[in-house]
Number of protein chains: 2
Amino acid sequence: MLIKRDFLPQKGKWSLVGGFLEAKESLDQAALRILNNLTGLNDIYLEQLYTYGDTDRDPGERVLSTAYYALIKAGDYHLPIKRESTAKWFPIEKIPNLIFDHNIMVDKAMRRLKRKSLSQPIGFELLPEKFTIPQLQKLYEVIHQRELDKRNFRKKILSMGLLKKLNEKQKSGSRKGAFYYRFDKEKYDDFVSRGFHFEI
Amino acid sequence: MLIKRDFLPQKGKWSLVGGFLEAKESLDQAALRILNNLTGLNDIYLEQLYTYGDTDRDPGERVLSTAYYALIKAGDYHLPIKRESTAKWFPIEKIPNLIFDHNIMVDKAMRRLKRKSLSQPIGFELLPEKFTIPQLQKLYEVIHQRELDKRNFRKKILSMGLLKKLNEKQKSGSRKGAFYYRFDKEKYDDFVSRGFHFEI
DNA sequence: CCAAAAGTGTTGACCGTACACCCATGA
DNA sequence: TCATGGGTGTACGGTCAACACTTTTGG
């Protein structure tokens, strides 16, 4: 999600969403507040990415920026966006030139996400409650920017035992319909606490 | 490397090394400067770890801390440490209670290092120019806090083709003596640029 | 001659990858 | 009936893990 800057410098260019830390809030709280102000969303997965501290990043004055990235469930982004006029979603491969070092931030976030997706079932944060295996596969394909074999993907994902199959099919998107699944929260917690690695 | 605080609050407790960012330096430069002031070392591998921004981390006043960790070659730490009276090296498993959230920082650094050691030959930064395979193995054992099978370790490491065997033995440490090796810088760069993963 | 660390190969289990066809259904 | 995406199994090769004995040499 990018916003079109409506003030100088670089007015009119696309930019990541940002704001200033207040005296009595933590960095995490600030990130939540800023995201919430723009989108109205709560309960969003947020993770600190990196702190950018070069003296000349912002040509105006010296600014330190601690970048965070959020994972927002597919479907939630239909919610009304507050400053709708300026905020817009972009597919990751079509991100335009951004102000300052923001493209570097996006790049770092993507690398973090790729790595993370190999050691944690991030679908939890990015998919709706009920989702199909083809949906999950597409998520991994977008993150890793390559196509995956559906037989192998399904085998791998199911072998982890984290998914519960529901007795319900998604009817949109195909003639046949795809079964919905749900993450098994308990097994997931086991998994995470033991740490796992997973090639894809 | 820890220092004993010689000022309040928490005077006498162990602490990580820190300092304040100056107006005209980047975070990276500040980290280098602070490390150099204490140890006299240059050309040290430094990596930003995380920025701690809770409002009550320091009971005195509000402080934001961007933590960095350094990898210092075994052997270099024999160099005279400037503030020698207060700085001391600790084995990782014997780190005492530290001030504020510094134990959390150490913990995060260790986790980062474990992960990193699986995707990059960190021996480059941590071992002297010439090193033996048993030395390299001990490095991985310390980082991962478990023993490794020397046959498997040797096989794995050599199969990567990153090491050049020298015609020289380390005579201390064993009767038989162990051959020295050296990293092959070119192949290493290839490796890193292609990215690799490596189970241990 | 002996203690102590260096050095060496094989095997089985598991996992990743490649690959092709049938199924269900709405139009 | 057909186009579309969902769903399934097998076989090969590579990699990890387990495991025990020989070599060298200073004391």
Side-chain angles (χ1 to χ4, degrees), chain A residues 74 114-115 117-119 121 123 127 130-182 191 194-200, chain B residues 74 114-115 117-119 121 123 127 130-182 191 194-200:
Chain A
K114 279 186 204 186
R115 183 171 55 68
S117 76
L118 296 180
S119 63
L127 291 175
K130 299 185 299 183
F131 54 89
T132 68
I133 291 191
Q135 274 183 308
L136 185 60
Q137 178 173 345
K138 254 165 221 128
L139 173 60
Y140 274 88
E141 288 178 335
V142 169
I143 292 175
H144 291 272
Q145 314 249 46
R146 69 191 170 94
E147 297 194 347
L148 302 172
D149 181 282
K150 60 180 174 171
R151 285 159 295 190
N152 294 336
F153 183 80
R154 183 176 288 266
K155 204 189 321 173
K156 175 120 215 172
I157 290 290
L158 289 176
S159 76
M160 297 197 285
L162 295 179
L163 301 187
K164 269 197 297 211
K165 189 176 184 172
L166 306 183
N167 261 332
E168 191 187 350
K169 277 191 169 186
Q170 182 197 50
K171 304 299 288 183
S172 66
S174 81
R175 304 288 154 86
K176 185 173 178 180
F179 277 103
Y180 278 118
Y181 288 77
R182 181 192 298 279
F191 233 74
R194 281 205 307 272
F196 71 98
H197 177 78
F198 149 58
E199 292 286 343
I200 200 151
Chain B
K114 279 186 204 186
R115 183 171 56 68
S117 76
L118 297 179
S119 64
L127 290 175
K130 298 185 301 185
F131 55 89
T132 67
I133 291 190
Q135 274 182 307
L136 185 60
Q137 178 172 345
K138 252 164 222 130
L139 173 60
Y140 274 88
E141 287 179 338
V142 169
I143 292 174
H144 291 273
Q145 315 249 48
R146 69 191 170 95
E147 297 195 348
L148 302 171
D149 181 282
K150 60 181 173 169
R151 286 160 295 189
N152 293 337
F153 183 80
R154 185 177 288 265
K155 205 187 321 172
K156 175 122 213 170
I157 289 290
L158 290 176
S159 77
M160 295 196 284
L162 295 179
L163 301 187
K164 269 197 296 211
K165 189 176 184 173
L166 306 182
N167 260 332
E168 193 188 349
K169 277 191 169 186
Q170 182 198 51
K171 303 300 288 183
S172 67
S174 82
R175 302 288 153 84
K176 186 175 177 179
F179 277 102
Y180 278 118
Y181 287 77
R182 182 192 297 279
F191 233 75
R194 282 205 307 272
F196 71 97
H197 178 78
F198 149 59
E199 291 286 342
I200 200 151

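- Rounding to whole angstrom units, NZ of residue A:Lys155 and C1' of D:dA11 are separated by 10 Å.
- Straight-line distance from the CG atom of B:Asn152 to the C1' atom of D:dA17: 6 Å, rounded to whole Å.
- When the nearest nucleotides of DNA chain D are assigned to A:Ala178 and A:Asp149 by heavy-atom distance, the more 5′-ward of the two goes with A:Ala178.
- Atom OH of A:Tyr180 and atom P of D:dG5 are 17 Å apart (whole Å).
- We find that CZ of B:Arg146 is positioned 12 Å from P of D:dC16, with the value rounded to whole Å.
- Counting to the nearest Å, the P atom of C:dG16 and the CD1 atom of A:Ile157 are 11 Å from each other.
- Rounded to a whole Å, the CG atom of B:Leu136 is 15 Å from the C1' atom of C:dA6.
- With rounding to whole Å, A:Glu147 atom CD is found 16 Å from C:dT17 atom C1'.
- With C:dA24, C:dG9, C:dA5 as the candidates, the nucleotide lying closest to the side chain of B:Lys176 is C:dA5.
- Side-chain atoms of B:Leu127 and B:Tyr181, non-hydrogen and from C-beta on, never get closer than 4.5 Å to each other.
- Dashed line: the shortest gap from a side-chain N or O of B:Lys156 to OP1 or OP2 of D:dT15 is not under 4.0 Å.
- Atom CZ in A:Arg154 sits about 18 Å away from atom C1' in C:dG16, given to the nearest Å.
- Checked against side-chain hydrogen bond (donor to acceptor under 3.5 Å, both in side chains), B:Arg175 has no partners two or more places apart in sequence or in another chain.
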Got a list of side-chain donor-acceptor pairs under 3.5 Å for residues 162-171 of chain A, not counting sequence neighbours?
unit_1, atom_1, unit_2, atom_2, d
A:Glu168, OE1, A:Lys130, NZ, 3.2
A:Glu168, OE2, A:Lys130, NZ, 2.9
A:Lys169, NZ, A:Lys176, O, 3.3

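- Every residue meeting the side-chain hydrogen bond (donor to acceptor under 3.5 Å, both in side chains) condition with B:Arg151, not counting sequence neighbours, appears here in chain and number order: B:Asp149.
- Applying a 4.0 Å cut-off to non-hydrogen atoms, the residues of residues 164-175 of chain B that approach DNA chain D are B:Arg175, listed by residue number.
- Of the side-chain N and O atoms in A:Arg151, none sit less than 4.0 angstrom from OP1 or OP2 of C:dA20.
- Side-chain contact between A:Arg115 and A:Leu118: absent, with no pair of heavy atoms (C-beta onward) separated by less than 4.5 Å.
- Place B:Gly177 and A:Lys150 on DNA chain C by their nearest nucleotides, and B:Gly177 ends up nearer the 5' end.
- The side-chain hydrogen bond (donor to acceptor under 3.5 Å, both in side chains) check on A:Gln137 picks up A:Glu141, with sequence neighbours excluded.
- Scored by the side-chain hydrogen bond (donor to acceptor under 3.5 Å, both in side chains) test, B:Lys155 finds B:Asn152 as partners (sequence neighbours excluded).
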